[in-house]
Asker: 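Would you mind keeping the following structure in view while I ask a few things?
This one's a predicted model, so the numbers in the text were calculated from it and none came from an experiment. Below, chains carry the letters A, B, ... as their sequence lines are ordered, and counting in each starts from 1.
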There are 2 protein chains.
Amino acid sequence: MPGYDKYAHEPFAVTVDLAVLTLRAGGLHVLLVERGQEPYAGRWALPGGFVLPDESAETAARRELAEETGLKDVSGLHLEQLRTYSEPDRDPRMRVVSVAFAALLPDAPEPTGGGDAAQARWLPYDDAKPLAFDHDRILADAHDRVGAKLEYTCLATAFCPTEFTLGELQQVYETVWGTGLDRPNFRRKVLATPGFVEPVPRGARLTGGRGKPAALYRAGAATALHPPLLRPPREGRSA
Amino acid sequence: MPGYDKYAHEPFAVTVDLAVLTLRAGGLHVLLVERGQEPYAGRWALPGGFVLPDESAETAARRELAEETGLKDVSGLHLEQLRTYSEPDRDPRMRVVSVAFAALLPDAPEPTGGGDAAQARWLPYDDAKPLAFDHDRILADAHDRVGAKLEYTCLATAFCPTEFTLGELQQVYETVWGTGLDRPNFRRKVLATPGFVEPVPRGARLTGGRGKPAALYRAGAATALHPPLLRPPREGRSA
DNA sequence: CTTTTTATAGTCGTGGTGACTATTAAGAGG
DNA sequence: CCTCTTAATAGTCACCACGACTATAAAAAG
């Protein structure tokens, strides 16, 4: 593409769409906004917005994340670019190219619609469909990506607060994957992976619940998981 | 982002950039074009171009791939969206948002600059840097992605012709990863993975070379690798 | 016909992991 | 106070995938 001077291109609108995921009451939840106008009026949609002239898509995504969640500090949150959706007819009004992101939140404060969001709410992942535009696909892609990255990265701690128990960490895997895991084996695997989690110095334990209090851990320095923590293979596969 | 009607956004140019990879003489090669104008005049760059008004980024990428390589049929080639690069200053002339793709080719015909490419050539991966714009990073990201996907997908066959030997398939892994692999173990692993490769019906063998002729295989129906084929861990890691 | 080269077959030991049992430490309820 | 329940933690055992290695087969080269 040697010459930019002789092109004739239409203007594209560039937006970001966010699949903000969190764990609430043991279930996967998504941050959604209700659309006010056509098209898809009254339908839920992923939060998002235009990329401003002096922003990168990542910057715009983090700005939107702060606006929609109402959180003061979103700098520590895990934000990951998924892919870009550019079908010409994905928005009936105009040509919109959208860069999609997945964001992972530890706790789930009810969104205090600080931005231009009409109405933002957490909805259970399974109740989300059908969403506006191609957001069903974006959300499904986000789920797939997160589920896959749990296998070979330390991403799971992004769903947990700064201090957490191994039981909470295991619930992240079980909720995202939709499978049950053996507790002793999960524990053995996590502790055997250097840098995945590190114990809280003082022998702090989480009390208050029933049963033996659990030890608290923090996220470690490692980012990758070698060897990976593979999800149990689906039943009904042919050999 | 409730209202599109009240926005004021600048026009963005949306382009695709392609990291076209192939294996030539046992080495990883990249398809590059030489820039004629400023900026970066005389430097090598990844092929790419504008997304047309009625195209998706994927369609534009495949069109550019056909134009730059001069290949008749690019429909069977593996094309994978990497990520989108949107730093405001990545092109000094204007605001350009680029969707990057990685393309994998089996053989390497010298490009017959059919498109608007000034001069297109295969260059060894290691000799590519420095490229124009942020293409060094895009190329490195493409390499990382391909290397990672070799571990848990059947992507390696995308580098091979329709019929290939296990030795050729192993060379894909060794070249991309930059490591040596034990031949019997690699063979055992590939054959033990159902759907990765399937033997060519007639006991066809590749003759002509020195040594015992190798059996020929085709790519199987499987797309994922369970369990994965992990690359040997780098030496010098702390326990 | 020997040497070289490469593909293919097989062996052995280890470590990661699934499945499982046992123990410990808290709260709940009588 | 004692027992039941609940959940975390500790430990065992067998299997199997994989790394390391040796052996054999089938071609070309000398």
Side-chain angles (χ1 to χ4, degrees), chain A residues 26 150-152 160 163-174 177 179-200 203-217 222 224-235 237 239, chain B residues 26 150-152 160 163-174 177 179-200 203-217 222 224-235 237 239:
Chain A
L150 287 188
E151 290 194 326
Y152 55 95
C160 298
E163 296 191 347
F164 53 88
T165 70
L166 293 185
E168 294 174 308
L169 189 67
Q170 182 176 348
Q171 275 218 354
V172 173
Y173 280 88
E174 294 181 331
W177 286 350
T179 65
L181 296 175
D182 181 82
R183 198 183 287 265
N185 290 341
F186 178 83
R187 170 188 192 76
R188 187 217 304 163
K189 171 69 182 176
V190 170
L191 294 181
T193 303
F196 193 177
V197 298
E198 51 188 23
V200 166
R205 292 170 172 276
L206 184 69
T207 175
R210 288 214 290 260
K212 181 173 175 177
L216 289 173
Y217 294 86
L225 234 54
H226 278 295
L229 204 167
L230 298 178
R231 77 184 94 183
R234 286 245 163 266
E235 305 298 332
R237 269 297 183 87
Chain B
L150 287 188
E151 290 192 327
Y152 55 96
C160 297
E163 296 192 347
F164 52 88
T165 68
L166 292 185
E168 292 174 309
L169 190 66
Q170 181 175 349
Q171 275 218 354
V172 173
Y173 280 88
E174 292 180 332
W177 286 350
T179 65
L181 296 175
D182 181 82
R183 197 183 285 266
N185 290 340
F186 178 83
R187 170 187 192 78
R188 184 218 299 160
K189 172 68 182 174
V190 170
L191 295 181
T193 302
F196 192 177
V197 299
E198 52 186 22
V200 167
R205 293 172 169 273
L206 184 71
T207 175
R210 289 214 290 261
K212 181 174 176 177
L216 289 174
Y217 295 85
L225 236 55
H226 277 297
L229 204 166
L230 298 178
R231 78 184 92 183
R234 285 246 163 264
E235 307 298 332
R237 270 294 183 89

Asker: What's the spacing between B:L166 CG and B:L216 CG if we round to 0.5 Å?
Answerer: 9.5 Å

Asker: D:dA7 phosphate, OP1 or OP2: any side-chain N/O from A:R183 under 4.0 angstrom?
Answerer: no

Asker: Under the rule for side chain to side chain donor-acceptor pair (under 3.5 Å), what residues qualify as partners of A:Q170, not counting sequence neighbours?
Answerer: A:E174

Asker: Grab the CZ-P distance between B:R210 and D:dA29 for me, whole Å please.
Answerer: 7 Å

Asker: What is the distance from CG of A:L191 to P of D:dG11, rounded to the nearest Å?
Answerer: 13 Å

Asker: How bent is the helix from C:dC1-D:dG30 to C:dG30-D:dC1, comparing axes over its five end pairs at each side, to the nearest 10°?
Answerer: 0°

Asker: Tell me, please, which residues at least two apart from B:E151 pass side chain to side chain donor-acceptor pair (under 3.5 Å).
Answerer: B:R231

Asker: Return the value, rounded to whole Å, for the distance between atom CG of B:L181 and atom P of C:dT6.
Answerer: 17 Å

Asker: Donor-acceptor pairs are to be reported for all side-chain atoms of residues 186-196 of chain B against protein atoms at under 3.5 Å, with residues two or more places apart or in another chain.
Answerer:
from	atom 1	to	atom 2	distance (Å)
B:R188	NH2	B:N185	OD1	3.1
B:K189	NZ	B:P227	O	3.0
B:T193	OG1	B:K189	O	2.9

Asker: Please tell me which of B:Y217 and B:G211 maps to the more 5' nucleotide of DNA chain C, matching each residue to the nucleotide holding its nearest heavy atom.
Answerer: B:G211

Asker: List every contact pair, protein side and nucleotides 14-20 of chain D side both N or O, where the distance is under 3.5 Å.
Answerer:
from	atom 1	to	atom 2	distance (Å)
D:dC18	OP1	B:K189	NZ	2.9
D:dC18	OP2	B:K189	NZ	3.3
D:dG19	O6	B:R188	NH2	2.9
D:dA20	N7	B:N185	ND2	2.9
D:dA20	N6	B:N185	OD1	3.2
D:dA20	N6	B:R188	NH2	3.2

Asker: When the distance from CD of A:Q170 to C1' of C:dG18 is rounded to whole Å, what number comes out?
Answerer: 14 Å

Asker: What is the distance, to the nearest angstrom, from the CG atom on B:L216 to the C1' atom on D:dA26?
Answerer: 15 Å

Asker: Please report the C-alpha distance between B:Y173 and B:L229 in whole Å, then the side-chain angles of each, then the deciding distance to 0.1 Å, and finally whether the side-chain contact (heavy atoms from CB on, under 4.5 Å) criterion is met.
Answerer: CA-CA 10 Å; B:Y173 280 88; B:L229 204 166; 4.1 Å; yes

Asker: Rounded to whole angstroms, how far apart are NE2 on B:H226 and P on C:dG16?
Answerer: 21 Å

Asker: Restricting to side chain to side chain donor-acceptor pair (under 3.5 Å), what partner residues turn up for B:E198, sequence neighbours left out?
Answerer: none

Asker: To the nearest angstrom, how far is A:K212 atom NZ from C:dA28 atom C1'?
Answerer: 19 Å

Asker: Could you pull out all residues at least two apart from B:P232 that satisfy side-chain contact (heavy atoms from CB on, under 4.5 Å)?
Answerer: B:W177, B:T179, B:L181

